[in-house]
Protein chains: 2
Amino acid sequence: MKKTTLKEIAETLGISISTVSKALKNYPDVSAKTKKRVIDLAESLQFTPNTFAQSLRSNESKTIGVIIPSMVHYYFSSILDAIIKESEKNGYMVIILQSNEDHELEKKQINLLLNKGVDGILISLANGTKDFQYLQKVIDYGIPLVLFDKINKLLKCSKVIINDIKASYDVVTYLINKGYKRIAYFRGDLNPQNSIDRFLGYKKALEDNGIKYDSSLVYLSPIANFDEGYANAKKLIEEDKIDVDAIYTITDLTAIGVINYLNEKNIKIPDEIAVFGFSNWFMSSVITPTLSSVEQNAYRTGEKSVELLFKEIDSKQKGEPFKHETITIDTELVIRNST
Amino acid sequence: MKKTTLKEIAETLGISISTVSKALKNYPDVSAKTKKRVIDLAESLQFTPNTFAQSLRSNESKTIGVIIPSMVHYYFSSILDAIIKESEKNGYMVIILQSNEDHELEKKQINLLLNKGVDGILISLANGTKDFQYLQKVIDYGIPLVLFDKINKLLKCSKVIINDIKASYDVVTYLINKGYKRIAYFRGDLNPQNSIDRFLGYKKALEDNGIKYDSSLVYLSPIANFDEGYANAKKLIEEDKIDVDAIYTITDLTAIGVINYLNEKNIKIPDEIAVFGFSNWFMSSVITPTLSSVEQNAYRTGEKSVELLFKEIDSKQKGEPFKHETITIDTELVIRNST
DNA sequence: TTGTAGGCGTTATCAT
DNA sequence: ATGATAACGCCTACAA
């Protein structure tokens with residue numbers, strides 16, 4: 001079985017290809033009778049235009065590309081969920097690539113997408129990313145680009161982020177108000193902006209509440225996974241930081257590592273040590289104790305990102321100017337039993 | 001900035017388009033000198049062939065489509081991870097769609113992918129799927145199709161599955177050997193094959209061990225999510241099934257719902273009631289108590305699925321005949337603290 | 001060794 | 001109201 005073409009319809013009906021094309025596109029200058037004959041036959045043959053030919057002609061693929069660090073990740077998969085659903089509504093398909101937090105791979109993938117001819121690109125940057133030339137290239141090519149979550153401030157494109165400084169500030173302020181005084185922080189690498197910002201929020205909240213920042217309470221968790229949380233908690237306990245009464249982490253997965261270690265050691269949460277995460281993974285609502293966290297509204301982040309992208313694609317098609325926006329998604333503290 | 005074309009290179013060098021094309025494809029009948037001139041210029045202009053034109057001509061998109069029920073799902077996202085990585089290695093991109101367990105949507109998406117001109121389709125069927133005509137259509141069109149996880153036996157295409165009957169049989173046998181006698185089962189809908197098979201395995205294991213199957217110990221969990229696990233556990237306890245000493249569920253998420261309810265009610269796991277899941281989600285290794293489960297090797301499932309797909313695409317291109325295969329992925333019991 | 005020409009399928013402009 | 005024609009960019013059989 002082969003796909004039907006305009007040519008076949010034309011030959012069957014004994015008319016020209018261009019008339020067929022016009023009939024199907026409901027041009028006004030085709031007689032009602034011809035139109036009907038064409039449409040009926042097209043339907044019975046299940047005709048759909050060849051997208052390769054359409055793309056070649058229009059230079060549009062009706063496809064967008066998304067690059068995320070990793071797929072098996074509650075936050076990113078939720079964002080993708082939104083991106084895919086919204087794109088489908090708009091008649092677009094989505095190609096997904098994983099940078100695996102590898103800067104070089106990310107670069108290669110951007111080029112793959114450009115070569116592929118996608119109509120727009122959404123990306124959450126890999127942690128290592130320092131040089132942004134290849135992203136500038138996307139902009140130079142005139143391909144709409146939206147950064148989300150892990151962004152770079154300097155690039156001239158739309159962005160969707162949360163206010164990490166404020167969210168983090170709120171967490172620490174909440175902990176302080178609850179009576180915690182020695183709050184450890186398991187921070188991420190100081191490369192993605194949000195990692196920096198969460199750390200800043202932590203420090204600022206301490207400062208504003210008259211608590212002196214103590215760098216010995218800060219542990220590094222560059223990958224921000226379970227094992228690092230577990231290992232850092234172990235280190236903290238074994239270093240006899242007995243006055244630490246709360247641990248706040250860059251993300252939930254790390255916090256869950258912490259919880260697992262403390263549970264193993266029979267250290268009571270939150271009585272002896274409280275734990276606060278970030279991102280509100282589903283998992284956090286079902287572990288013991290349930291984990292307090294920051295709801296990041298992943299779905300909305302995805303929604304807003306494609307929305308901006310399609311707006312820009314639209315403007316481009318119409319030849320209208322487009323003004324880049326930065327949208328900040330609201331976050332909320334979700335208080336559970338770990339604090 | 002615009003993409004370079006063969007024509008531009010040809011004009012710049014004052015030679016014909018076909019010579020440029022041949023030079024870049026390293027045809028033997030182009031002089032070394034011309035070849036060098038072309039390649040150098042192409043490189044400096046960062047020439048890459050227009051994929052729309054290539055696709056139109058070759059009728060290949062170097063893109064495959066994947067349909068899964070849902071993205072925010074540990075098992076499926078792990079499979080996607082494998083699919084994307086393996087495809088990239090083979091120079092293919094991946095378009096992902098979510099059927100949302102909606103049969104009609106799935107049908108529409110299959111058509112979208114066919115119209116898009118993907119070179120192959122991977123799909124894990126929605127639960128409701130009963131009519132398979134539109135999948136037959138894929139086969140009739142000659143588009144390689146591989147079913148994984150939730151399959152239909154009757155379709156003539158490659159498949160990647162696990163042996164659900166055996167895996168389930170092993171779980172229940174293990175429980176019986178451990179001394180559990182009244183084993184409740186929270187089963188899924190009897191529509192996807194694997195749901196049926198897990199139920200069969202459960203029954204067979206009871207039978208083979210001289211335990212009479214008791215339908216009052218079977219609870220339905222059609223969506224197989226957390227809430228259903230929680231609700232069914234509640235129902236079971238409130239129905240005073242006090243002799244039940246183990247609960248085995250269709251999937252981990254449901255089991256985790258069960259654990260949460262039992263924990264809330266201070267029912268000791270596994271002393272009063274043991275819990276066994278299926279799929280070995282990451283989450284299961286970090287909840288309290290850690291959950292015994294069946295490792296399904298999602299990544300391998302993804303790997304094998306694309307491998308079969310690419311084999312078939314390859315055969316098709318070479319015009320060779322292709323023999324469909326059904327690959328069964330090994331599973332293992334992962335015993336943790338809940339049993 | 002190089003170039004010409006035709007076609008992949010669609011669409012839009014310009015005749016008729 | 002309909003059709004002929006060219007173009008999108010690439011590829012290749014064939015001609016020179």
Side-chain angles (χ1 to χ4, degrees), chain A residues 1-39 41-42 45-63 91 114-119 141-142 317 319, chain B residues 1-39 41-42 45-62 91 114-119 141-142 317:
Chain A
M1 209 153 115
K2 234 187 90 273
K3 278 203 61 174
T4 314
T5 63
L6 291 181
K7 196 178 167 189
E8 282 160 25
I9 296 179
E11 280 167 3
T12 310
L13 297 178
I15 58 177
S16 77
I17 295 176
S18 47
T19 304
V20 175
S21 174
K22 284 182 200 161
L24 290 171
K25 308 210 109 199
N26 205 22
Y27 270 51
D29 59 352
V30 179
S31 75
K33 209 178 96 218
T34 310
K35 217 173 259 183
K36 189 176 178 335
R37 290 212 306 150
V38 170
I39 290 171
L41 182 58
L45 292 175
Q46 301 198 57
F47 170 82
T48 48
N50 179 312
T51 54
F52 301 151
Q54 286 184 315
S55 291
L56 176 59
R57 187 146 216 299
S58 64
N59 207 26
E60 276 171 34
S61 60
K62 287 283 174 186
T63 304
L114 286 178
N115 293 342
K116 188 79 184 177
V118 294
D119 297 340
Y141 265 74
Q317 284 168 350
Chain B
M1 209 154 116
K2 233 186 91 280
K3 276 201 60 170
T4 313
T5 63
L6 291 182
K7 196 178 167 188
E8 283 161 24
I9 296 179
E11 280 168 1
T12 310
L13 297 178
I15 57 179
S16 77
I17 295 175
S18 58
T19 304
V20 175
S21 174
K22 285 180 201 163
L24 290 172
K25 308 208 106 199
N26 205 23
Y27 269 49
D29 61 351
V30 178
S31 74
K33 208 179 99 222
T34 309
K35 216 174 261 185
K36 188 172 179 338
R37 288 214 305 151
V38 170
I39 290 172
L41 182 56
L45 293 175
Q46 300 198 58
F47 170 82
T48 49
N50 179 312
T51 55
F52 302 151
Q54 283 184 316
S55 291
L56 176 59
R57 188 155 209 294
S58 65
N59 207 27
E60 278 171 33
S61 60
K62 288 284 175 185
L114 286 178
N115 293 342
K116 188 79 186 179
V118 293
D119 298 339
Y141 265 73
Q317 284 167 349

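No experiment lies behind these values; they were computed from the predicted model shown. All chains are named by letter (A, B, ...) in the order of the sequence lines, taking the proteins before the strands, and each is independently numbered beginning at 1.
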To the nearest angstrom, how far is Glu60(B) atom CD from dG9(D) atom P? 21 Å

Check every strand shown and say whether Thr34(B) touches a base, only sugar-phosphate, or nothing at a heavy-atom separation below 4.0 Å. sugar-phosphate

Tell me the interatomic distance from Asn59(B), atom CG, to dC10(D), atom C1', rounded to whole angstroms. 14 Å

Please state whether the phosphate of dC11(D), meaning OP1 or OP2, lies under 4.0 angstrom from any side-chain nitrogen or oxygen of Gln54(B). yes

Atom NZ of Lys35(B) and atom C1' of dT1(C) are separated, to the nearest Å, by 11 Å

Short N/O separations, protein against nucleotides 12-16 of chain D, under 3.5 angstrom:
residue: dT12(D); atom: OP2; partner: Tyr27(B); partner atom: OH; Å: 2.9

Is there a donor-acceptor pair under 3.5 Å between the side chain of Ser61(B) and the backbone N or O of Gly117(B)? yes

Taken to the nearest whole Å, CZ/Phe47(B) to C1'/dG9(D) is 9 Å

Given the rule in the side chain to side chain contact (heavy atoms under 4.5 Å, CB included) test, do Gln54(A) and Lys62(A) qualify, once you have shown the distances and angles that lead to the verdict? CA-CA 10 Å; Gln54(A) 286 184 315; Lys62(A) 287 283 174 186; over 6 Å; no

Over all atoms of both residues, closest heavy-atom pair of Ser21(A) and Leu6(A): CB-CD1, 3.9 Å

Can you give me the closest heavy-atom contact between Leu13(A) and Arg37(A), atom names plus distance? O-NH2, 3.3 Å

Rounded to whole Å, the CZ-C1' distance (Phe52(B) to dA7(D)) equals 16 Å

From CD1 of Ile15(B) over to P of dG3(C), roughly how many Å is that when rounded to an integer? 6 Å

For dT4(C), does OP1 or OP2 lie under 4.0 Å from any side-chain N or O of Ser16(B)? no

Just the rounded figure in Å: distance from C1' of dA12(C) to CG of Leu24(A). 15 Å

In this structure, how many angstroms lie between the P atom of dG9(C) and the CG atom of Asn50(B), rounded? 17 Å

Over all atoms of both residues, closest heavy-atom pair of Tyr27(B) and Lys35(B): O-NZ, 2.8 Å

From dC8(C), dT10(C), dT2(C), pick the nucleotide closest to the side chain of Lys7(A)? dC8(C)

Which heavy atom of Thr4(A) sits nearest to which heavy atom of Phe47(A), and what is that distance? O-CD1, 3.5 Å

Which part of the nucleic acid, if any, lies within reach of Leu6(A) when heavy atoms closer than 4.0 Å are counted: base, sugar-phosphate only, or nothing? base

Has Thr48(B) got a side-chain atom pairing as donor or acceptor with Asn115(A)'s backbone, closer than 3.5 angstrom? no

